[in-house]
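Remember, it's a predicted structure, so these values are computed and weren't measured experimentally. Order of the sequence lines fixes the chain letters, A, B, ..., with proteins taken first and strands second; residue numbering starts at 1 for each chain.
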Amino acid sequence: METNRGHAGQAEGNGEQEERGRQGRLPAPEALLADLNEEQQRAVTHGEGPLLVLAGAGSGKTRVITRRIAWLLAMGIPAERILAITFTNKAAQEMRQRVERLIPGHRVWIGTFHAFGVHLLRQFGDRLSLSRSFTIYDVDDRNAFLRATMEAARLDNYRYRPEGIASAISKAKNQLRSPADYARSAVDHFAQVVAEVYPLYERRLRQVQAVDFDDLLYLPALLLREHEQIRSHLDDRYRFILIDEYQDTNLAQYEIVRRLSQDHRNLCVVGDPDQSIYRWRGSDIRNILDFERDFPDARVIHLPRNYRSTGAIVSAANRLIAHNKQRKKKELRTENAWGVPVRVWTFRDGLDEADQVVRRIKETVQAGRFRYRDHAIFVRINALTRVLESAFVRHGVPFQIVKGFAFYERKENKDVLAYLRLLVNPQDDVAFERVVNVPARGIGETTIERLRNLAAERGCSLLAAAAEAGRCTTIKAASARALTQFHRLITELRTRLDLPPHELIDLVLQRSGYEQMLQSSEDPDDQERLANVQELVTAARQFHELNPQAGLTGFLEQVALASDVDGWDHEADRVSVMTLHASKGLEFPVVYILAVEEGLLPHERALRDEAELEEERRLCFVGMTRAMRELHLCHAHLREYRGVIRCAIPSGFLDELPRDQVEWHDLTSTDSNSTRPGDRPIVYAPPPSLPPVPSLPSSSASDLSGSRRGGKSILPPLHRSAANGEAVEGLAPGIVIQHEQFGIGQVVAVSGFGAQQRMKVRFPAHGEKTLLVAQAPFRILNRRSGS
DNA sequence: CGAAAGGATGTTTTT
DNA sequence: CATCCTTTCG
């Protein structure tokens, strides 16, 4: 028990005691500084002018921001003059609460950039010809909308996927490039197609009174750029601005910040270049690196001291991140005890990994060393949470997978939400198309196509066109009747928009027949869908109770802006499972990072260029520095992904850790099914070299259990196509192979080509497995013996 | 028109 | 593996 602060899984800086504050009275300013170190105090008490706080992981940066807000209030700055931007809604909510504890009843605006964007657009959207009840399209809606746009313009015969074009447009908006800007620099064919589609997409988007996600930053940035009176008004209104996670801002966000800090340059940004992990989304690390160039008079405060983690964890993290070349050299320091070593665990496969990690957590809790909520498991990709899920269920260990989004992303909920959006904004054609035939009303693709033509002719929305369907000669009578009836349904529901959101959802469920459809279904999945939809009603009710004024628009807005961590319950005594990205800003006593393997961490898509590789390293760094007391890094020799089994190689990042300080445990030889709680793993400490890599048959014989017993030199060598990553000639059903792990089996089917070539193999002991030919370690035994 | 079945296909991270 | 797409048939 080396360190003695903090609870599991709350946002950083959680250990502080911020209970104070009698109603309505401002605290004495000094009281806000009592438990801060010198640098933190300087940051909190900094007066006017730009301020850059370079805060290392675990250095208490959230605490600095909250205290600074409180300090400003205590100095008499009116709350409405302060603007604080956080990275997630969850962080905003916690910050609000913490400031609340210091200064009860404060009215400081705290939220994400996107929420702030919505806030601005609702106020000033009319300047951009945007109605007050605009719809926010998520990525799926956006893609569907773009597809429809291209089809309507007869541009759909290009070979590019709408999603690809959509993401190019998204990127353009993040870089504040208008359609005209984009067109000017479009050189290759793809860019030219994008340049053609982008303006159409924008025009149509405004027509249906919708904005996409990027518009929530792009449009406010334009607004501030082109409307000087609004800009100066807001600049004056927000005298003091604080931005958290500044290293992950993109150009649009940067523009917003700059425009609001021209007349009153009281801008405080906090961040850590080593924790920049959203480059792929347009974040530009230069925003923080060049802050001093933008504001030459900026005060810069470094917070290198880590209060969160043990010496062992800090040391390992330092060593890893030092391998990044594009980086200012710096080191985290800690005065915390050294603690237990960072451990690296080697497993046979992903199932083993999940099973044993969960088992170990259970034992730890049963031994009374930690609670479930003290544990977190991080993964690089969401797909890896599946195996974990079943392991948790099997062991009866409580857990939560942090993906708040998932609930609203379910088809049934998106359907219901689409109904609601259509009610709020009848122009929303995406919503219309989504629900017009759900439940089935006899309105098929041909009818929709004809309706689209009608709407295009009249220049009206699909819903408005539906009302006129009867007069359109091309639409069949039965379909027209169904359409007018649908129109009547929506019109009628629209008269009840004054109802609280949950009651309205209930009404929609009944009147639309959606509930009926699920209730009377034979499909067992539909019962679950019914439950989900009812859960949506509950969510709406809870929202309404918390925000009685917000109404349906508010509810839809919250749903649209929800982030993964927002749904996370940090009080529940459960193990948290999340992606490395979602872990940013959190802390846990015990952290496991799974699948620290080449291709996953670093991810294979990030291997092409050095900058992306460095981002992967930062991602690993972020995950490691979430740990307070124990850090476990896991990898396996075989990894099943998308139903295909591949050989996995330990991540190069593992080699970059301080070898003499890290403990390596190889669990590949223990059978997970027979391991008893008391069993102790074999320890190699310190390891003589790299952890054993599943390798050519001639080398170490200890790496894999199973079929190979050594000494079979008469046989051809194992076919290691991983080395050349190519397809294999002559593979066909009937051929017998020997696999490193599963032994002898017969090929049942072969499909695909090149690196994607797969084979389905039946193994007597393991059943049928699908293998990636280019990756799997196997050799062909017999070309003839089919049967 | 729409349900069902088969096949091709693509894949990170998320406000 | 899971989703999306096409095809097919009622």
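- Phosphate proximity of C/dC5 to A/Arg147: present, with a side-chain N or O under 4.0 Å from OP1 or OP2.
- Among the nucleotides B/dT15, B/dT13, C/dC4, the one closest to the side chain of A/Lys411 is C/dC4.
- Along DNA chain B, the nucleotide closest to A/Ser479 and the one closest to A/Ala606 are compared, and the more 5′ of them pairs with A/Ser479.
- In this entry the distance linking CD of A/Glu163 with P of C/dC5 reads 8 Å, nearest Å.
- In this model, the phosphate group of B/dT15 is not approached by any side-chain N or O of A/Asn174 to a distance below 4.0 Å at OP1 or OP2.
- Across the C1' atoms, C/dC4 and B/dT13 are found 23 Å apart, a figure rounded to whole Å.
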Under the side chain to side chain contact (heavy atoms under 4.5 Å, CB included) rule, what do A/Leu146 and A/Ile165 come out as? Steps first, then yes or no, please. CA-CA 8 Å; A/Leu146 190 93; A/Ile165 294 175; 3.8 Å; yes
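- Atoms CZ (A/Arg639) and P (C/dC1) sit 16 Å apart, rounded to a whole Å.
- Proximity note for A/Ile381 (side chain, C-beta onward) versus C/dC4, B/dT15, B/dT12: the nearest is B/dT12.
- Of all nucleotides listed (B/dT14, B/dT12, C/dA2), C/dA2 comes nearest to the side chain of A/Arg386.
- We find that A/Lys173 and A/Asp212 are joined by a salt bridge, their nearest charged nitrogen and carboxylate oxygen being less than 4.0 Å apart.
- Rounding to whole angstrom units, CD1 of residue A/Ile110 and P of B/dT15 are separated by 19 Å.
- If you take CG of A/Asp248 and P of B/dT13, they are 17 Å apart, rounded to a whole angstrom.
- When heavy atoms are screened at a 4.0 angstrom cut-off, A/Phe113 is found touching no nucleic acid atom at all.
- The nearest whole Å value for the distance from the CD1 atom in A/Ile593 to the P atom in B/dT13 is 16 Å.
- In this structure, A/Asn382 reaches the B/dT13 phosphate: one of its side-chain N or O atoms is under 4.0 Å from OP1 or OP2.
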Begin with the C-alpha distance, continue with both residues' side-chain angles, and end with the deciding distance and a verdict on ring-ring contact (aromatic ring centres under 6.0 Å, His included) for A/His603 and A/Trp280. CA-CA 13 Å; A/His603 194 274; A/Trp280 52 274; over 10 Å; no
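- Spacing between atom CG of A/Leu594 and atom P of B/dT12 amounts to 19 Å, rounded to whole angstrom units.
- No contact: A/Asn89 has no heavy atom under 4.0 Å from any strand.
- Nearest to the side-chain atoms of A/His603 among the listed nucleotides B/dT12, B/dT14, B/dT15 stands B/dT12.
- Atoms NZ (A/Lys403) and C1' (B/dT13) sit 10 Å apart, rounded to a whole Å.
- Nucleotide B/dT14 holds its C1' atom 17 Å from the NZ atom of A/Lys90, rounded to whole Å.
- Proximity of A/Asn437 to the phosphate of B/dG2: a side-chain N or O atom is located under 4.0 Å from OP1 or OP2.
- Judged purely by distance below 3.5 Å, without hydrogens or angles, the side chains of A/Tyr514 and A/Asp415 pair a donor atom with an acceptor atom.
- Toward the 5′ end of DNA chain B lies the nearest nucleotide of A/Gly442, the other residue of the pair A/Gly442 and A/Ile277 mapping further downstream.
- Counting all heavy atoms, side chain and backbone alike, A/Pro273 lies closest to A/Ile285 at O-CD1, 3.5 Å.
- Residue A/Ala440 places its side chain closer to B/dG2 than to any other of B/dT14, B/dG2, C/dC4.
- Phosphate proximity of B/dT15 to A/Thr88: absent, as no side-chain N or O sits under 4.0 Å from OP1 or OP2.
- Among the atoms of the strands shown, none is found under 4.0 Å from any heavy atom of A/Leu217.
- Contacts of A/Tyr278 with the nucleic acid, taken as non-hydrogen atoms under 4.0 Å apart, involve only primed sugar atoms and P, OP1 or OP2.
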Under the ring-ring contact (aromatic ring centres under 6.0 Å, His included) rule, what do A/Phe588 and A/Trp568 come out as? Steps first, then yes or no, please. CA-CA 14 Å; A/Phe588 297 87; A/Trp568 175 56; 5.8 Å; yes
